[in-house]
Amino acid sequence: MRKKIIVGNWKMNMTKTLAKEFLYGIKEKINVENTDVAFCVPFTLIDTVREVLKDSDIKVGAQNVHFEKSGAYTGEISLDMLNELGIDYCIVGHSERRQYFNELDSTVNLKVINMLNNSNIIPIICVGEKLEQRQNNTMYDIVKGQVGKAFENISGEMASRCILAYEPIWAIGTGVTATSEEAEDMCKYIRQVIANIYGKEVADILRVQYGGSANSKNAGELLNMLNIDGLLVGGASLKEEFIDMVN
Ligand code: PGA
């Protein structure tokens, strides 16, 4: 049985003041007994959010990391910097980073390798197709390519520590959620891709989330699907409805 994991992705939202106000209001209401829960927050909020959640089982994560140890990379954040903050998760290869910041499958792979080799931070690796790729039915090849490249030069044991997030780009922030059947179909396919690379044992362990306009209305149905092990939640993780999604 894979434990469900629901992660809020705050993206470029909140401030220290707003984060404190929001989290003090909701943290006691979130039932973390049977579910892993985390918020992936902007770098500047990590310390504050960790402090607010220190007596809670809700974990904290980042939204990106650089793949080099250190150096002349103005504006970037290294893994050592994140390790020092004591976070548990880091999103890698979010479609917004691929779209606006030229994140490539090859850099996603380097980031995952760096994280698995040099930290206990769990990578949440995002994959997903564009609308036209779904319309012309190339979505399976696209997602298979993204998954395959993300895991290049990574052992099965290492891979099983990762989380994959299936986030169809046409569903992110659009209010258009994939139907639970569409989401289940692709999450099941992703598990098959993992099985083809690493075997059934790793595929049975590795958790696959769905993300894209998940909210308190559709969460239950999505989470009831056999191959959907959790949700990556953008907009709704900034609101009180996140409590209902977990509970
Ligand atoms: P959304 O974002 O829930 O606002 O669609 C999801 C994500 O980008 O992780």
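Computed over heavy atoms, backbone and side chain alike; hydrogens, waters and symmetry mates excluded. Whatever order the structure lists them in is the order used to number ligands and atoms, beginning at 1.
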Q: Any atoms of ligand 1 less than 4.0 Å from a non-hydrogen atom of H94? List them with their elements.
A: 7 (C), 8 (O), 9 (O)
Q: Which of the atoms of ligand 1 are close to A171, meaning less than 4.0 Å from one of its heavy atoms?
A: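 Reading through ligand 1 atom by atom, the close ones are 5 (O).
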Q: Select one of side chain, backbone, both or neither to describe which atoms of N9 lie under 4.0 Å from any atom of ligand 1, heavy atoms only.
A: side chain
Q: Report the C-alpha separation of F39 and F242 in whole Å, then their side-chain angles, then the decisive distance to 0.1 Å, and conclude whether the ring-ring contact (aromatic ring centres under 6.0 Å, His included) test is met.
A: CA-CA 11 Å; F39 289 102; F242 188 75; 4.9 Å; yes
Q: Is the shortest distance from a Lys or Arg side-chain nitrogen in E241 or K217 to a carboxylate oxygen in the other one below 4.0 Å?
A: no
Q: Does a side-chain N-to-carboxylate-O contact under 4.0 Å join D36 and K59?
A: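 Not counted as a salt bridge, because no side-chain N and carboxylate O are separated by less than 4.0 Å.
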Q: With a 4.0 Å cut-off on N to O distance, would you call D88 and R50 a salt bridge?
A: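 Looking at R50 together with D88, the answer is no, because their closest N to O distance does not fall below 4.0 Å.
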Q: Under 4.0 Å, counting heavy atoms only: does A236 come that close to any atom of ligand 1?
A: no
Q: Using a 4.0 Å cutoff against the non-hydrogen atoms of S213, which atoms of ligand 1 qualify?
A: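 This gives 1 (P), 3 (O), 5 (O) as the contact atoms.
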Q: So do R98 and V108 actually touch side chain to side chain, heavy atoms under 4.5 Å?
A: yes
Q: Can you tell whether the side chains of K27 and D55 come within less than 4.0 Å, N to carboxylate O?
A: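 Salt bridge: yes.
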Q: Does an N or O from K11, backbone or side chain, lie closer than 3.5 Å to an N or O of ligand 1?
A: yes
Q: Please identify which atoms of ligand 1 are closer than 4.0 Å to at least one heavy atom of E167.
A: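 Result: 6 (C), 7 (C), 8 (O), 9 (O).
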Q: Quick one: nearest non-hydrogen protein atom to atom 3 (O) of ligand 1, plus distance?
A: G234 N, 2.8 Å
Q: With atoms numbered from 1 as shown, which atoms in ligand 1 lie under 4.0 angstrom from a non-hydrogen atom of G235?
A: 1 (P), 3 (O), 4 (O)
Q: Looking only at N/O atoms, are G212 and ligand 1 under 3.5 Å apart anywhere?
A: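 It does not: no N or O of G212 is found under 3.5 Å from an N or O of ligand 1.
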Q: Check this for me, if you would: do E51 and K54 make a salt bridge, where the nitrogen-to-carboxylate-oxygen distance has to be below 4.0 angstrom?
A: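 Salt bridge between E51 and K54, a charged N being under 4.0 Å from a carboxylate O: yes.
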